Every structure is written in structure tokens, then in C-alpha cells.
Amino acid sequence: MNLLNEILAHYNYWITIFLMVAGVFTVVSKSNMIKRLVGLSIFQTSVYLLYLSPGKILGGTPPILDKAYTVYSNPLPHVLILTAIVVGVATLALGLALVVRINEAFGSIEEDEVVQAVYRDDHA
Amino acid sequence: MTVPGEINWHEHLPVLQVVVPLSGALLAAIVREGRLAWLVAMIACWAMPIISIALLTQVIASGPISYAMGGWPPPVGIEYRIDQANAYVMVFVSIMAALVMTYMPRSTADEIRPEKHGWYYACFLLCLAGLEGMLASGDAFNIFVFMEISSLSMYVLIALGSDRRALVAAYQYLMIGTLGATFYVIGVGLLFTMTGTLNLIDIASRLNQVEHARPILAAMAFIVVGLGLKIALFPMHLWLPNAYAFAPSAATAFIASTATKVAVYLLLRYLFSVFGVEIGFEATPASGLFLTLAVMAMIIASTIAIFERNVKRMLAYSSVAQIGYIMLGIGLVNQAGLTGGIAHLFNHAIIKGTLFLAIGCVVYATGITRVASMAGIGRTMPLTMGAFVTAGLGLIGVPGTAGFISKWYLVQAAIEAGMWWIAAVIVISSVLAVIYIGRIVEIAWFREPSDRQVRNPPPEMLAVTIALAAATIYFGIFTDFSGGGAAEAARVLFGGYPR
Amino acid sequence: MTGAELITLALLIPLAGAVGIAVTGRFPNLRETVTLVTAVALCATVLSILPLVQAGERPALDVVSLFPGVDMIFRIEPLGMLFGIIASSLWIVNSIYSIGYMRGNKEQRQTVFYVCFSIAIFGAVGVAFAGNLLTLFLFYEILTISTYPLVTHKANAEAKASGRVYLLILMGTSMMLLLPAIIWVLVEAGTTNFTPGGLLVNTTLSTGMIGLMLALFIFGIGKAAVMPVHSWLPAAMVAPTPVSALLHAVAVVKAGVFTVVKVVVYIFGVDFLATSGAGDWLTYVAGFTVIAASVIALMQDNLKRRLAYSTISQLSYIVLATAILTPISMIGAMLHIAMHAVSKITLFFAAGSIYTAAHKTEISQLDGIGRLMPWTMGAFAVGSLSMIGVPPTAGFISKWFMLSGGMESENWVAVGVIFLSTVLNACYFLPIVYRAFWRAPSEQDNHPPAHGEGPAPVVLALTITALGVLALFFFPDVPLGLAEAMMAEEIAR
């Protein structure tokens with residue numbers, strides 16, 4: 001019983017892990033370049049959860065300087081994750097731009113086909 | 001105390017190290033026109049070595065420098081902390097940037113379309129800012145931000161290469177690099193959760209008060225793997241060969257000499273200063289892991305290099321092998337090994353820089369990168385190939401060159417640790433280097449030159465290449481900076497942060 | 001001038017010469033003059049150090065610190081002095097010879113040739129004067145790298161293939177065996193300095209470890225051509241004869257055996273090695289090389305290849321004499337470095353003269369050539385007698401000492417090897433002399449064009465060295481004095 005409680009109580013970590021693994025799996029197994037970028041995004045999102053969820057204190061509030069509010073949830077992770085979101089957006093944008101150019105140059109956005117074209121270029 | 005309104009530039013050197021290239025990038029992006037942007041970049045890049053050397057002399061004279069961003073004192077605020085280890089790396093990153101920027105204009109004009117030159121220089125400066133930030137910063141998350149700044153701009157630099165395969169190389173590097181950076185962030189997140197702080201020194205001092213060791217070990221694992229992907233430690237090196245092969249020549253020279261080295265510095269900082277030798281090496285099989293991967297890198301990558309047909313990709317695999325040397329030094333976990341590894345950061349930077357710049361001259365002169373097409377080039381481009389061979393001798397580790405210094409330290413470290421088979425692997429991979437450099441030498445001098453038109457590389461390209469080649473010999477004989485500086489850095493790292 | 005200044009001068013002169021030769025490359029006569037002036041200047045400098053060493057001084061020079069505790073230092077002791085004199089004096093003769101040979105054969109890229117030669121001599125002088133293993137290793141590698149362009153001078157497919165063998169064996173052995181051995185010495189002893197009496201005397205190494213270290217050194221010093229790391233020497237015969245002459249009969253291989261003797265005397269220590277018994281296997285390995293190389297030499301028809309295998313054999317004489325580990329045999333080893341140098345260079349000069357004048361490379365083609373080229377073949381005869389060890393040639397003196405040493409320590413294996421190989425030497429040298437003088441030219445030769453002697457500088461050079469072979473028999477004071485001085489330091493311990 002205790003073990004079940006322990007497992008259920010950490011549901012935030014379970015969701016984090018699920019997203020993490022789903023993201024990495026998408027990156028690794030999909031052939032479509034855009035889908036892989038989406039997987040990467042999911043992976044990065046899971047990291048946001050990893051930071052934010054432990055910061056929440058049950059019964060805590062944002063840090064308001066007032067005698068009525070004594071328990072604060074940690075605001076620092078939110079700041080960090082704002083930065084991380086920006087990084088994630090920039091990465092996604094750059095990745096998509098690259099995919100557009102790859103499509104122009106190779107005529108495909110399937111990793112397998114593009115890699116084969118690269119191989120042919122190498123041995124031309 | 002300073003008078004209000006008066007700026008003491010000397011105090012702000014640590015942050016200037018990052019701000020100068022950052023503002024330079026902005027200016028270059030605004031200016032947009034190729035030659036003006038290059039001028040802005042030149043000014044920014046040549047200011048860098050001045051700042052770095054000033055920082056290094058200050059650190060050697062009076063110890064580590066701590067700079068509080070925005071005046072917020074650490075550990076509340078973000079701290080930039082310069083000590084002997086990162087000042088050492090900063091100096092050669094800055095010098096390589098300045099030299100490559102001098103070399104760049106006509107090489108870039110040759111390989112990239114004119115309307116992109118302004119963006120190219122802007123991204124170069126962004127990359128430099130990111131690398132310097134990774135070196136200077138003493139805050140774990142801040143390091144991540146700069147890591148991504150440098151990585152993203154590196155993807156752009158690579159994608160601007162003239163061959164369409166550069167795009168694929170950039171995409172694959174983006175995938176793998178972002179995975180690596182995210183692993184790093186996960187590790188930092190675990191550390192933050194357990195210690196409540198992001199300041200490296202603070203983390204180090206709080207680690208022994210943490211009750212549960214497992215998240216700490218997990219954090220270390222994530223950080224090591226994340227940085228390992230950036231270092232291109234075998235087998236996480238798969239992005240490197242194509243990225244180096246298809247990026248513009250000057251960009252490759254810069255990236256090859258700096259990007260992986262900065263990531264190695266970060267790994268050292270975490271393993272020795274933050275986690276410390278007890279957690280880092282005694283509680284985990286990190287030492288054995290590094291040694292195994294390093295040995296595999298040295299042998300396998302050198303062997304692949306022997307059979308490569310593209311010269312730049314051959315040099316890229318050689319880089320993977322040389323990174324193996326550096327990891328070997330780290331994995332041996334003794335003073336000599338660490339000295340050898342850190343010395344090799346510097347020595348390999350100048351050697352690989354020379355090699356890629358020389359190939360850049362060859363590409364400019366003849367437009368080819370196939371090894372087989374380099375027939376007879378030793379006769380038509382004697383100075384360039386002379387520089388190439390000199391740096392090649394450095395790669396092999398012939399005494400009198402910089403590469404010998406690191407190799408000596410590493411073999412000494414291996415023998416001192418009683419690991420004879422590692423000393424054997426080091427010398428065997430040197431012989432493999434003889435083979436792949438010898439192959440180029442044979443083709444360049446023993447075959448008749450083809451009738452292809454050869455235009456002479458412009459003087460600034462030749463001058464920078466030859467200067468770096470001379471540096472590989474100079475630092476092979478006068479080792480105060482390359483060896484002595486590395487020994488200092490090793491001593492500081494081994495000592496760990498004051499707890 | 002102080003000893004340190006003379007050492008600096010001796011090192012800088014060949015380097016400056018290399019620059020001078022490169023600069024005057026367009027003007028062949030000027031370029032040749034630069035070579036000769038450099039060679040004479042170097043010889044004069046080296047000879048002026050001789051009186052200092054003979055008086056008991058050991059000039060030293062400390063250049064720069066490469067690693068903490070391991071500097072680049074030079075320190076001249078009797079053995080290094082001897083090697084330095086040999087290398088610098090024979091460079092003069094070889095330069096005279098080269099001028100005649102390269103012009104006579106209309107060789108290409110002569111400037112590169114002379115420049116690399118100069119750098120190689122720089123390497124040899126550095127090896128001779130090195131004061132510790134690190135410095136010696138540095139110049140040893142400079143020697144390998146600067147002689148690679150010389151070996152592959154002809155730049156054809158054969159040269160390329162031979163160059164590969166040359167480079168891989170020499171660099172392979174030096175990097176895989178010699179370098180670890182040097183660093184091992186550093187780890188054990190804290191320094192790599194050559195110490196009279198032996199550096200490792202006070203260390204606590206087991207006999208097995210000493211034997212292993214010695215093996216790493218012997219096989220790591222590939223230039224000493226102990227079997228099985230000897231194949232580079234016959235491969236290097238594709239080079240033009242002046243290269244073969246100086247480098248493979250004098251500078252490169254002599255650097256190898258010089259290093260072997262120096263390591264045995266100043267790193268291990270003669271007594272240390274003798275009492276520990278860790279060097280016994282060396283007698284057998286060296287002895288095997290002596291005999292095997294002589295047998296292979298018998299089977300060669302190509303003149304230069306036969307000379308190459310003869311060199312391998314003679315080099316192992318020196319290793320063998322060193323392995324016997326008695327003062328008399330060590331003196332013999334040192335002397336043989338000098339005597340063999342002068343004799344072998346004469347033989348190679350003769351071979352090159354024959355090639356230049358008659359374009360013949362095989363021994364079977366040499367019938368009757370003595371009538372047409374009396375000076376050349378006369379010198380060849382003198383050199384051959386010296387190889388066999390017949391008085392009044394120089395080779396007799398060193399062989400005498402080596403035999404005495406072997407008999408004194410009752411090392412009958414060594415004595416037997418020396419006797420047997422003397423016979424074999426006679427078997428493969430005397431027939432050449434016989435054919436040249438006493439046989440008529442064979443009719444199958446299709447009336448070879450009438451030719452005379454080689455070019456004048458060539459003949460001059462080989463006459464000088466042949467006279468040197470004879471002179472060293474009558475006046476062996478300088479080499480003998482130096483050899484005895486080195487052993488006196490040992491015996492005094």
C-alpha cells in the first residue's frame with residue numbers, strides 16, 4: 001500500500017519520464033525529419049516539467065511580500081524554464097528552416113532518402 | 001570604489017569577454033554588407049585575445065577572479081569565475097578566433113554567396129560569444145544558455161557550406177547536439193532539485209550534505225553523457241565527420257579547434273571541481289568508461305581515417321581520435337594524465353587549426369577536397385603543404401612539435417598508473433597517424449601534378465597558416481604555456497573547489 | 001670559446017648551412033660552395049672541442065626545459081666526441097663525392113637533396129652531443145624525418161614503396177618501443193640524463209624488468225638494424241649512392257649503434273647489466289644477426305644490397321661487442337664505429353663510382369672492371385680488407401679488441417660468431433675484388449661502351465677515405481684515446 005502511495009504521489013515525475021521517453025523514441029525511430037523535430041520538442045518539454053513540478057510547494061503561493069502569504073512556491077525554475085523555452089523555440093525554428101532547405105536541395109524530408117542521396121554524393 | 005559614471009574596464013574583463021563578441025554579432029547583423037561586417041568581426045575578434053591574456057595574467061598573479069553579474073552577489077546572482085583552468089582555454093579560443101577571422105574574408109567569398117556574408121560573420125561572433133560564455137560562467141544554467149547559443153550558431157555556420165550535404169550535416173548535428181544539451185539540462189535540474197542552487201561552487205559545497213546519493217549520481221551521468229555528445233566522444237561522435245567535412249573551410253578550422261575543447265573543459269570542471277574525485281571517479285566506473293571509450297576512439301577513428309577519401313573528413317576522424325587522447329588523460333585520473341589531456345586541448349587546437357586552414361588554402365586554390373585529386377600538390381603549393389606536413393608531424397607526435405608534449409605526458413601518466421596496455425595503445429595510434437598523414441604526403445609529392453588550374457592563395461591565408469604551423473613547432477620546444485599552463489590548470493582542477 | 005659556445009656553434013652551422021643552400025639553390029656552383037664551406041666549418045668546430053674532451057672536460061649546454069625536470073641538454077663525452085668527429089669529417093668527403101655523383105648522373109632536385117643532407121647532419125650532431133635520452137630522441141627523429149626525402153629522392157614507385165618501409169619501421173620502432181622505454185626510465189629514475197656508471201644503478205628493478213627494458217631499447221633503436229627490425233636498410237638502397245654512403249654507412253646507422261652503446265654504458269651501466277645477467281640474450285640476438293645477415297649478403301647479386309647486408313652484419317658486431325660487457329670489448333665496439341664508418345663509406349663510394357661511370361649495379365656485371373677503373377676498385381679492395389679485418393687496414397684494430405674482449409670473458413659464442421663471420425666476409429667480398437681484376441669482361445656484355453674512372457670529385461673522395469682506412473691502422477690514437485677515456489670512467493667506478 002505504502003509503495004503504491006509512493007508511486008502515485010510522484011505522478012509528476014511519471015509524466016515527465018513518459019514525455020521524455022516518447023520524445024526520444026520519436027527522434028530515434030521516425031524517418032520524417034519534421035516528426036523528429038517534434039519529438040525533440042516533446043523531449044525538451046519534459047525537461048520543463050522536470051524543473052517546474054518539484055518547485056511547486058503544496059499550499060504555496062507566488063512570492064508576494066505580504067504577511068498573509070508565508071509559504072512560497074519556488075519561482076526560480078519558472079525563470080529558468082522561460083529561458084529554456086526560448087532556447088527550444090529557437091532550436092525548433094532553426095531545425096524547421098533546415099528542413100525547408102533540405103527539401104529544396106534533396107526533394108524529400110524523409111531521413112532515409114536524404115541519407116541515401118548523401119551517400120550517393122559521397123561516392124560520386 | 002569607483003566614482004559614479006566612471007567605468008573601470010579592468011574590473012569588467014570577465015563579462016567583456018562575452019559582451020564584446022555578442023555586441024559585435026549584433027552590429028554585424030545590422031551592417032549586413034560582407035566587408036563591413038568582416039571589419040566589425042575583426043575588431044571584435046582581435047579584442048578577444050587582449051582580454052583573455054589580461055585575464056590569464058591576472059589570474060596567475062592573484063588567483064581566481066569572481067565577477068558578479070549585475071552586482072548581485074553569488075550564490076544569489078550569476079557569477080563569472082575565472083581561474084587558471086578556464087583562463088588557459090579562453091586564451092587559445094580567442095587567439096584561434098582572431099587568426100581564423102584574419103584568414104576568412106577571401107575564403108568565405110569563395111565558398112559562400114555574397115548576400116549571406118553579413119549573417120555568416122554575425123553567427124561566427126555569436127558562436128564565439130557562446131563559447132566564451134561557457135568558459136567564463138560559474139552558473140550551471142547560464143552555461144546551458146551559452147552552450148545553446150554557441151551550438152545554434154554553429155549549426156548555421158555549418159549549414160552555410162557550399163555543398164548540399166552541409167544541410168544534412170547541420171540537421172544531424174542539431175538533433176544530436178540538442179539531445180546532448182537537454183541531457184545536460186536534465187542533469188543540472190537534478191542537481192538543482194537536490195542542492196537548491198545553481199552556482200557551481202555552491203553546488204560543490206552542498207553535495208556532501210545531500211542525503212540521497214542516487215539523484216546526484218544520476219545527475220552526473222546525465223551531465224557526462226550530455227557533454228560527451230558535445231565532445232564527440234566515441235561513440236557519440238557521429239555528427240562530427242560530416243559537420244567538419246561540409247562546413248566552410250574557415251568555419252571548420254575554428255570549430256575544430258574550439259568547440260569540442262570547451263566541452264571538455266566543462267566536463268573537467270564538473271567531474272573534478274563540482275563532483276570531486278570521490279563522487280566523480282571512485283563511486284562510479286567513470287574512469288574505466290573513459291579509458292575504454294578513449295582507446296576505442298583512438299584505434300577505430302584512426303583506422304577509418306586511413307581509408308577516407310575526403311581530406312576534410314579524414315581530418316575529422318583524426319579529430320575524434322585526438323579527442324580520445326584527451327579523454328585518456330582524464331580517465332587516468334592522475335596529475336600527469338590530466339596535464340597531458342589539458343595540454344592536448346591546446347596542442348590539438350593549433351595542430352588541427354593549421355591542418356584545416358591548410359586544406360582551406362588548397363580548396364581555395366584548386367576547389368578539390370578529394371584525397372586522390374591532391375596529386376602533386378606538394379610541388380605546386382609548397383608552402384601550404386609544408387605547413388600541412390608540419391602540423392601532420394605534430395599529429396603524429398614527433399618530438400619537437402606540440403603533439404609530442406601531450407603524448408609524453410600521457411604515456412608517462414599511463415606508465416605511472418601501471419597501465420602498460422594504454423601506453424601501447426597511445427603509441428600504436430601514433431603509428432596509425434603516420435599512415436594517414438603519410439598517405440597525403442605520398443600523393444602530394446610522389447605523383448605528377450595534374451593540369452588543373454591552381455590559383456595562389458591570398459597572402460593573409462598563407463600567412464595565418466604558416467604562423468600556426470610555426471606555432472606547433474614553437475610550442476613543442478618552449479612549453480611554458482602549453483605544458484606549464486596545463487600543469488597549473490590540472491593542479492587547480494584536482495584541488496577541487498574550496499569546500 | 002667555451003665548450004657551451006662551441007656546442008651551440010656546432011648545432012647552428014648545419015642549420016645555417018641548410019638555409020644557405022636553400023637560398024642559393026639557383027646557382028649550383030655557389031650552392032656547392034656553401035655546402036663545402038658549411039661542412040668544413042662544422043668539422044673545424046667539432047675538432048676544436050676535441051682537445052677539451054681529451055683533457056677531461058665534458059662541455060655541456062642547457063637549452064630549454066621541455067617538461068618539468070626533463071630539459072633539452074647537451075653533454076659531450078668521449079663516445080659522442082668520436083661520433084661527432086666521424087659525422088662531420090666524413091660530411092666533407094661525402095659532399096665532394098655528392099657533387100661529382102649528382103652532376104655525373106644529372107640528378108633532379110639537387111637543392112632539396114643538399115638541404116636535407118645538411119639537416120640530417122644537424123640531427124647526427126645533435127644525437128652525438130645529446131646529454132639525456134629526451135634530447136637524443138628528439139634528434140634521432142629529426143634524423144629519420146630529414147632522411148626520408150633523401151631516401152625517396154628518385155620519386156618513382158620503387159622509391160615510394162621503399163620510403164614506406166623505411167618510415168614505418170624506423171618511426172614504428174622509435175614510437176612504439178623506444179619512447180615508452182625512455183619514459184619508463186624517467187618514471188623509474190626521475191630523470192633521463194646520461195650518467196657515468198649508469199643511471200639505473202640505484203633503482204630496484206627485477207632482472208626480468210631490466211631485460212624487458214633492454215629489449216625495448218635494442219629493438220626500439222631501429223637504426224641499429226638488429227634483426228628483425230633491419231629491413232629498412234636494404235630498402236633504403238634505392239637512394240642515390242651519396243645518401244647510402246653517408247647516411248646508411250655512417251650517420252643513420254651509426255646513430256643507431258651509438259645510441260645502443262650509450263644506453264648500455266650511461267643508462268644501464270656496464271657493471272649493473274653484467275651482474276644482473278639481464279643482457280645475456282643480447283649476445284645471441286646480435287650473434288644471430290651477424291651470421292644471418294652475412295649469409296643473406298652472400299646471396300645478393302646487387303652490389304648495394306650486398307653492402308647493405310654487410311652493414312647490418314657489421315652493426316651487430318658492435319652490438320655483440322657491447323653485449324659482452326667487458327672494457328676491452330666496449331673499446332672494440334667504440335673503435336668499430338669509427339673503423340667501419342670509414343671502410344663502409346669507401347665501399348659505397350666505389351659502388352656509386354661504378355654506377356656513374358659504367359651504369360652497372362650487379363656484381364655479375366663487374367668482371368674485369370678493375371682494369372678500367374683501377375682507383376675505384378683499388379679503394380674497394382682496401383675497404384673489403386678492412387671489413388674482413390686484415391692488417392694493415394683499420395678494421396683489423398677494432399676486430400682485435402672485440403676478439404680479445406670475447407676471449408677474456410670466455411664468451412665462446414661471441415668468439416665463434418666473430419670467426420665465422422670473418423670467413424663469410426671473405427667469401428662475399430674477395431670474389432668481387434677477384435672478378436674485377438683477374439677476370440676478363442664477359443662476352444655477353446655486348447661490348448660495353450668504353451668508360452674510364454668515375455668523375456674526378458668521386459675518385460678524389462674515395463681515394464681520401466681509402467687512405468683513411470690505411471691511416472687509421474697506423475695512427476689510431478684519437479679514436480683509441482677516446483674509447484679508452486670512456487672506459488676509464490667506467491673502470492674507475
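Chain naming here is simple, since letters A, B, ... match the order of the sequence lines and numbering starts at 1 in each. Computed from a prediction, not measured in an experiment: that's the story for all the values here. Because only heavy atoms are used, hydrogens play no part in the values below, and waters and symmetry mates are left out as well, while side chains stay in.
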Kindly give the heavy-atom pair with the smallest separation between B:Val145 and A:Thr83, and that separation in Å. CG2-CG2, 3.5 Å
Could you tell me whether B:Arg309 and A:Asp122 have a side-chain N and a carboxylate O separated by less than 4.0 Å? no
For the residue pair B:Leu167 and A:Arg101, what are the closest heavy atoms and their distance? CD1-O, 3.8 Å
Side chains of B:Phe192 and A:Pro54: does their closest heavy-atom pair fall under 4.5 Å? no
If you tally heavy-atom pairs under 4.5 Å between each of A:Leu94, A:Ile102, A:Leu80, A:Leu76 and chain B, the highest tally belongs to A:Leu80
Would you indicate whether A:Phe25, at its atom CZ, is surrounded by more than 12 heavy atoms from other residues, nucleotides or ligands within a distance under 6.0 Å? no
Among A:Val24, A:Asp121, A:Val118, A:Thr16, which has the most heavy-atom pairs under 4.5 Å with chain B? A:Asp121
Atom pair OH (B:Tyr171) and CZ (A:Arg36), whose distance is rounded to the nearest 0.5 Å: 5.0 Å
Looking at A:Val114, A:Leu37, A:Val86, A:Val115, which has the largest count of heavy-atom pairs under 4.5 Å with chain B? A:Leu37
Close approach to chain B in residues 55-74 of chain A, criterion heavy atom under 4.5 Å: A:Asn74
Atom OH in B:Tyr155, atom CG in A:Leu98: separation rounded to 0.5 Å? 10.0 Å
Against chain B, label A:Glu111 side chain, backbone, both or neither, depending on which of its atoms sit under 4.5 Å from a heavy atom there. side chain
Heavy-atom pairs under 4.5 Å with chain B are the metric here; pick the option from A:Met20, A:Met33, A:Gln44 that has the most. A:Met33
Could you have a look at B:Thr182, B:Ile149, B:Val156 and say which one has the most heavy-atom pairs with chain A under 4.5 angstrom? B:Thr182
Greatest number of non-hydrogen atom pairs under 4.5 angstrom with chain A, of B:Asn310, B:Leu198, B:Thr193, B:Thr178, falls to B:Thr178
Which residues in residues 183-190 of chain B have any heavy atom closer than 4.5 Å to a heavy atom of chain A? B:Phe183, B:Val185, B:Ile186, B:Val188, B:Gly189
When the 4.5 angstrom heavy-atom criterion is applied to B:Phe246 and chain A, the contacting part is side chain
Please give me the minimum heavy-atom distance between A:Leu40 and B:Leu174, naming the atom from each residue. CD2-CD2, 4.1 Å
Quick one: pull up CZ in B:Arg165 and OH in A:Tyr119 and give me the separation to the nearest 0.5 Å. 12.5 Å
Can you give me the closest heavy-atom contact between B:Arg164 and A:Ala105, atom names plus distance? NH1-O, 2.9 Å
